[in-house]
A.B. asks: 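What follows is a single structure, and I will ask about it in a moment.
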Amino acid sequence: MRLLYFAWLRERLGRAEEEIALPSSVRTVGELMTWLGKREVPGGALFGESGVIRAAVNQELVGPETRLREGDEVAFFPPMTGG
Amino acid sequence: MRLLYFAWLRERLGRAEEEIALPSSVRTVGELMTWLGKREVPGGALFGESGVIRAAVNQELVGPETRLREGDEVAFFPPMTGG
Amino acid sequence: MRERVVVRIESGDFDPGAEFRLLCERTAGAGGIGSFVGIVRGEAGGRAITAMTLEHYPAMTERAVRAIAEEAQRRWGLLGATVVHRVGRLVPGEQIVLVMAAAAHREPALAATSFLIDWLKTKAPFWKKEHFADGTAAWVAAQAADEAAAARWR
Amino acid sequence: MRERVVVRIESGDFDPGAEFRLLCERTAGAGGIGSFVGIVRGEAGGRAITAMTLEHYPAMTERAVRAIAEEAQRRWGLLGATVVHRVGRLVPGEQIVLVMAAAAHREPALAATSFLIDWLKTKAPFWKKEHFADGTAAWVAAQAADEAAAARWR
């Protein structure tokens, strides 16, 4: 599964994207964030701070209950600040 | 005293302006409207319909209690519809 | 000193792009510019319109419009505002009025834009007459909705 | 069929006057066009800014902005809307974003203009980084006021 990161989340994680093999226990966006938050990587703890990180699956904003499927493009990022 | 009329008030009165000699009993805009409303001219009764006709004295919107002075330019017109 | 408020009453057409550039040039530090352009519609109440005549009170018009623009400038701390209002005969598709407000942030720029057009509709000495396709004409009646919109800003 | 909604995400500058003319041409019957242009300010929180970087999510951005513009078109029955949003590095005084909404009357045109900019600020995948005169840089924090402004339209 392809993960993308943007803005300060990208900087704190030190990467713009990565490929992961999804553990079979992870079925939703929220579960994926919990799993990512437990990894021992710089910035990983940011996923544990509830409500800060937003997610999009296949370029659509989604909530934590959204189910993940093989081949999804999942993006994580801070609250948007456009306009 | 110079009086000006605009829009449908001008059309109904059949004139865009006139000079009048102000009766000594008329001291305010409201009293002037009452006096004009009693004249036997086409459209004169429009001044008697309370709240429809607006007034400006020396190019400033005013209320009926505004005092009149010799040499004022007094304009009467319907509610504005600009923009 | 650059003029904060620019007001013009004229019979000719105006160029919104040119007015935008001029407003930008005199408002360094602006974070947002809101604007509204009013256009003559081809129908009113289901009847086809061939033209509209805008009557005004020449000695008073510019002063009244300037007072409205300066009120907006004060209320929202605008860095600049432009109001152009046409008078005379206009046909459907022609531009009638332009208002623009430049401010440090978007909220005052957009609030002032709404205020300017709401007050121009009800507090500046303009009167519209619509000329219909059947040869008749009628003065536009003041709208209760326009009075209510203007009253929001009291 | 003319496009109701025009959306562009680009690094280059845009011309508000040209966008206005194009919107007019594809919206016959409009009685009013509202617009807002956002401009990079030279300071934030009292600190001088030398530049701003707008990051975005290229595969998602245009789709998300188009969805916002189409939502505005549906809610207010717009005759047309244009949104142009820049990305990349911008310096103070440069234009960031343009939104325009054409409708039969002024109320929907101005309401849709406010809606478009409020939702762009909070629901489209853009992130601003400010570069300060002292060489440091910081990501712009999401503002509670922007969330509240966007929530007005729920």
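Throughout, protein chains are lettered first and strands after them, A, B, ... in sequence-line order, and every chain is numbered starting at 1.
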A.B. asks: Which atoms of B:Ala56 are under 4.5 Å from chain C, going by heavy atoms: the side chain, the backbone, both sets, or neither?
C.D. replies: side chain
A.B. asks: State plainly whether the residues C:Arg75 and C:Glu71 are in salt-bridge range, i.e. N to O under 4.0 Å.
C.D. replies: yes
A.B. asks: Select all residues of residues 131-146 of chain C having any heavy atom within less than 4.5 Å of some heavy atom of chain B, and report them by number, or 'none'.
C.D. replies: C:Trp139, C:Val140, C:Ala141, C:Ala142
A.B. asks: side-chain hydrogen bond (donor to acceptor under 3.5 Å, both in side chains): which pairs involve residues 5-21 of chain C, sequence neighbours left out?
C.D. replies: C:Arg8-C:Glu10, C:Arg8-C:Glu19, C:Asp13-C:Arg86, C:Asp13-C:Gln95
A.B. asks: Heavy-atom distance under 4.5 Å between the side chains of C:Trp127 and C:Tyr57, does that happen here?
C.D. replies: yes
A.B. asks: Quick one, B:Leu61 and C:Met60 - any side-chain contact, counting heavy atoms below 4.5 Å?
C.D. replies: yes
A.B. asks: Got a salt bridge between C:Glu43 and C:Arg41, using NZ or NE/NH1/NH2 to carboxylate O under 4.0 Å?
C.D. replies: yes
A.B. asks: Is B:Arg39 salt-bridged to B:Glu18, cutoff N-O under 4.0 Å?
C.D. replies: yes
A.B. asks: Side-chain contact, heavy-atom cut-off 4.5 Å: C:Thr82 with C:Phe20?
C.D. replies: no
A.B. asks: Tell me which of these, C:Pro125, C:Ala124, C:Ala64, has more heavy-atom pairs under 4.5 Å with chain B than the rest.
C.D. replies: C:Ala124
A.B. asks: Do you know which of C:His56, C:Arg63, C:His85, C:Lys123 has the most heavy-atom pairs with chain B at a distance under 4.5 angstrom?
C.D. replies: C:Arg63
A.B. asks: Out of C:Gly38, C:Ala59, C:Ala67, return the one with the most heavy atom pairs under 4.5 angstrom to chain B.
C.D. replies: C:Ala59
A.B. asks: Could C:Lys129 and C:Glu55 be called an ion pair, given the rule that one side-chain N must be under 4.0 Å from one carboxylate O?
C.D. replies: no
A.B. asks: Just give me the residue among B:Glu60, B:Glu73, B:Gln59, B:Arg54 that pairs up with chain C most often, heavy atom to heavy atom, under 4.5 Å.
C.D. replies: B:Gln59
